[in-house]
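Hydrogens, waters and symmetry mates play no part in the numbers below; they use all other heavy atoms, side chains included. Quick caveat: nothing in here was measured; it's all calculated off a predicted structure. Residues take their numbers from the sequence shown, with the count starting at 1.
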Amino acid sequence: MERKKQTHLMFVLLFMGTILYCEVVFRIFTAGGLFSVSFFPLLFFSIAYGGIGYLLSSLHKSRRVNRSIAAVFLFLIGLIYLVEFLIYKQFKQFYDLNTLTGGAGDALSSYSAEILNLIFQQGGIFVMFLFVLPVLLYLLLSQEWLPTPQGNRVTRAATAVSSVVAYGIALGIIFSNGIFKPIYDSQYNFQSAVANFGLLTGMRLDLKHQLFGGGITFEVHDAIVTSGEGSSVGSSETEQETDPPSYGYNQEEIDFQGINQTAPPQVQVLNDYVQSLTPTRQNQYTGMFRGKNLIMITAEAFTAEVIDPELTPTLYRLATKGINFTDYYQPASAGTTGGEYQNLFGMFPTDGGMSFKNTAGHLNYYTMGSQLDRLGYYGKAYHNNSYTYYDRNITHNNLGYSDGFMGYGNGMEQYVQNLWPQSDYEMIKGTLPTYIDKQPFNIYYMSVSGHNSYSPGGNAMTSRHWDRVKNLPYSDAVKGYLAANLDLEDALTYLVDQLEAHGLADDTVICISADHFPYGLDSGGTLGSLPNLSELYGFSVNDYFQRDHSRLILWSGCLEDEAPIVVDSPTSSLDILPTLSNLFGTPFDSRLMVGRDVFSDGMALVFNANYDWKTDLGTYYAATNRFVPRDENTTIPEGYVEAVKAMVRNKMQYCQGVLDTDYFRYLFGH
């Protein structure tokens, strides 16, 4: 009898210990910071989940069946951690369930060479062994040292009670902690949940939000008013200045009351929220680009440090002779597809890697493709990698471009060689003649030349341009990154030369933003441990704003002889769409856009998936619940931080609601 009790106890401890072991290994090799306060929720959640493993593996009367269930359970647990570890090593992010189903398969298959490098040359095979070790030991030792028990009601009941108690203790720790509580609840995001509570808890919360999200809710709060150097708390989320009466509002006539009569509850909630906002005013820049051609580029892994007057003179010209954005950010969210989503939709990808895919059947009313298409522009989207990657053959044909989408496999192969990565220069050189005479034109390019890896042997663009960087004072990894980006430089040189030769430079706008920071520079991804990225940037990268800083390029030949236009307030990719809409003078409602026209009276606000945010007055770090004023002379109004926190939560809720409901179809579908 005593032997049976010991066997049951050892079997219970096997599952609890295995999950805690996997969580500890996973944290050590990804997020780091094992021995902190967050270890205790991880510990007690592991006990709770381990109890479930025991219960599943002791229900059957047959020891053989129970042993098979136990082996499968332990194998799947190890596999989950292993897959997320490889994804994190490659993309420097944890992939939520939507992103796993929405793009990880494409990514892992397409970047198999990089994954193999991570496994065999970056110590990955050792970590893989650590994750499969529990199931291997169980299969080897269970027959003699840990025989699988038959079901025992007393032990199962005790295990169930222990799991519930452990789960309750974990929740108690979380909800009594001012930092953990919002991460778990009102400001939940997958990255922070995994880093603080463990991978299994992050996945459980992610599944809970997908299945039982509870609808969209908005918080009532004192909104922020910013005026000049000071600020105060007032009644609107926008700046209240006295503008000349000639400047109206960027607002459309929408019959919200009529729509509410037939719309579902979620749409009614969205309508009420939108109506509570104050639209931003038009300004001296409204319509400055009216009627001009537009070329938008999402540049793969681009960042500000690529821009150099000697190495990349065309990029330098476009960045300094156009509109200068000196405090710009591209928040990393869901890899390339997340960055594209932010650039094109002006929304945060709240469904991770599935966000873009979920727009395939939506009325994408406010993309620049759709806006300019309604004005009679010729439009087309291009990509020099596979046209089916991330289902772009479906999503990019629904962006509003009149002539659809071309990638490698449905036309682009006639212009670019089948290399890895493909050439941005070859893409633009090949496609430019097909639209340059179709004015006004509206073109979108998703580039790929800047993609990792950055060794001459693993990157065709790095190899092609290596001689131009080999003598630079950087490590080979950074030189390889810069070399790959020289293909984009050459593409833009050709583009600008051709626009000037055709007399179109003054009538064409070029807009360039990254999709994400250069995550492929480092094998690790922990803040404070990104040596190659820090070398490129010239400072140690210790927070997300440092990591995600970038440069927005917005240029037209008509600006080159004018006084410089400098935007030095915090700006992000969510601001691209409203800013372009205002500059092109298209009809739009600023209340429906998450970002702001940077020339308007809207409050400067940058935020990311972790609920960090930055305004003209300072920066808030959600992981430590800490607000840092811009400088020692900055006055922070009473209630300011809490009001902006609520504003950010509302904006995230709005992004989720727009994506869930196909919101613009209700507003403009007629």
So, do L667 and D589 sit near enough that their side-chain heavy atoms are less than 4.5 Å apart?
-> no
Please say which of D597, T586, N582 ends up in a side chain to side chain donor-acceptor pair (under 3.5 Å) with N250.
-> N582
Does one side chain, of D403 or Y378, offer a donor that lies under 3.5 Å from an acceptor on the other?
-> yes
Answer yes if the side chains of E300 and S449 hold a donor-acceptor pair under 3.5 Å, and no otherwise.
-> no
Using a distance-only test with no angle check, is there a side-chain donor-acceptor pair under 3.5 angstrom linking Q275 and N271?
-> no
Polar side chain donor-acceptor pair, Q656 to D351, under 3.5 angstrom = yes
Full working for side-chain contact (heavy atoms from CB on, under 4.5 Å) between L344 and F356 = CA-CA 10 Å; L344 296 177; F356 211 137; 3.9 Å; yes
Report the C-alpha separation of S590 and Q251 in whole Å, then their side-chain angles, then the decisive distance to 0.1 Å, and conclude whether the side chain to side chain donor-acceptor pair (under 3.5 Å) test is met.
-> CA-CA 6 Å; S590 56; Q251 180 178 358; over 6 Å; no
So, N196 side chain and S192 main chain: donor-acceptor pair closer than 3.5 Å or not?
-> yes
From T286, T280, I565, residue fulfilling side chain to side chain contact (heavy atoms under 4.5 Å, CB included) relative to F599 | I565
Donor-acceptor side-chain pairing of Y247 and R281 below 3.5 angstrom | no
Flag the pair L199 / F94 as yes when at least one side-chain heavy-atom distance between them is below 4.5 Å, and no otherwise.
-> no
Do R596 and S569 have side-chain N/O donor and acceptor atoms under 3.5 Å apart?
-> yes
V448 backbone acceptor or donor facing D424 side chain under 3.5 Å = yes
With sequence neighbours left out, what residues match H549 under ring-ring contact (aromatic ring centres under 6.0 Å, His included)?
-> Y537, F539
Any side-chain heavy atom of T298 within less than 4.5 Å of one from Y341?
-> no
Do H396 and E340 have side-chain N/O donor and acceptor atoms under 3.5 Å apart?
-> yes
Taken to the nearest 0.5 Å, the spacing of N397 CG from F405 CZ works out to 7.5 Å
Find the distance between CG (N650) and OG (S276) and round it off to the nearest 0.5 Å.
-> 8.0 Å
Distance-only donor-acceptor check, side chains D373 and N442, under 3.5 Å = no
Checking side chain to side chain contact (heavy atoms under 4.5 Å, CB included) against N293, which of V509, I443, T508 comes through?
-> T508
Say whether Q342 and Q330, considering side chains only, have a donor N or O and an acceptor N or O under 3.5 Å apart.
-> yes
Which word best sums up how the rings of F668 and F664 line up, parallel for under 30°, tilted for 30 to 60°, or perpendicular for over 60°?
-> tilted
F345 vs I576 side-chain heavy atoms within contact, under 4.5 Å = no
Would you say K380's side chain and G404's backbone share a donor-acceptor pair under 3.5 angstrom?
-> no
Can we call the ring centroids of Y273 and F218 under 6.0 Å apart?
-> yes
Judged by modelled atom types alone, do T99 and D96 share a side-chain donor-acceptor pair under 3.5 Å?
-> yes
Between N608 and D548, is any side-chain donor less than 3.5 angstrom from a side-chain acceptor?
-> no
Plane angle bin for Y640 and W613 - parallel if under 30°, tilted between 30 and 60°, otherwise perpendicular = perpendicular
Side-chain contact test, heavy atoms from C-beta onward, threshold under 4.5 Å: evaluate it for Y611 versus P182 and give yes or no.
-> no
Between Y285 and S600, is any side-chain donor less than 3.5 angstrom from a side-chain acceptor?
-> no
From CA spacing to verdict: side chain to side chain donor-acceptor pair (under 3.5 Å), R547, T303 = CA-CA 10 Å; R547 186 194 70 179; T303 193; over 6 Å; no
Can Y329 and D327 be counted as having a side-chain donor-acceptor contact under 3.5 angstrom?
-> yes
Could you go step by step and tell me if F302 and S447 meet the side-chain contact (heavy atoms from CB on, under 4.5 Å) rule?
-> CA-CA 10 Å; F302 179 75; S447 84; over 6 Å; no
Give the C-alpha distance, both sets of side-chain angles, the deciding distance and a yes or no for side-chain contact (heavy atoms from CB on, under 4.5 Å) between F607 and V594.
-> CA-CA 11 Å; F607 62 92; V594 176; 3.9 Å; yes
Establish, yes or no, whether the cationic atom of R204 lies under 6.0 Å from the six-membered ring centre of F197 and within 45° of the ring axis.
-> no
Is the closest side-chain donor-acceptor distance between D515 and T336 under 3.5 Å?
-> yes
Does a side chain donor of either S386 or T388 reach within less than 3.5 Å of an acceptor in the other side chain?
-> yes
Between the side chains of T367 and Y444, is a donor N or O closer than 3.5 angstrom to an acceptor N or O?
-> no
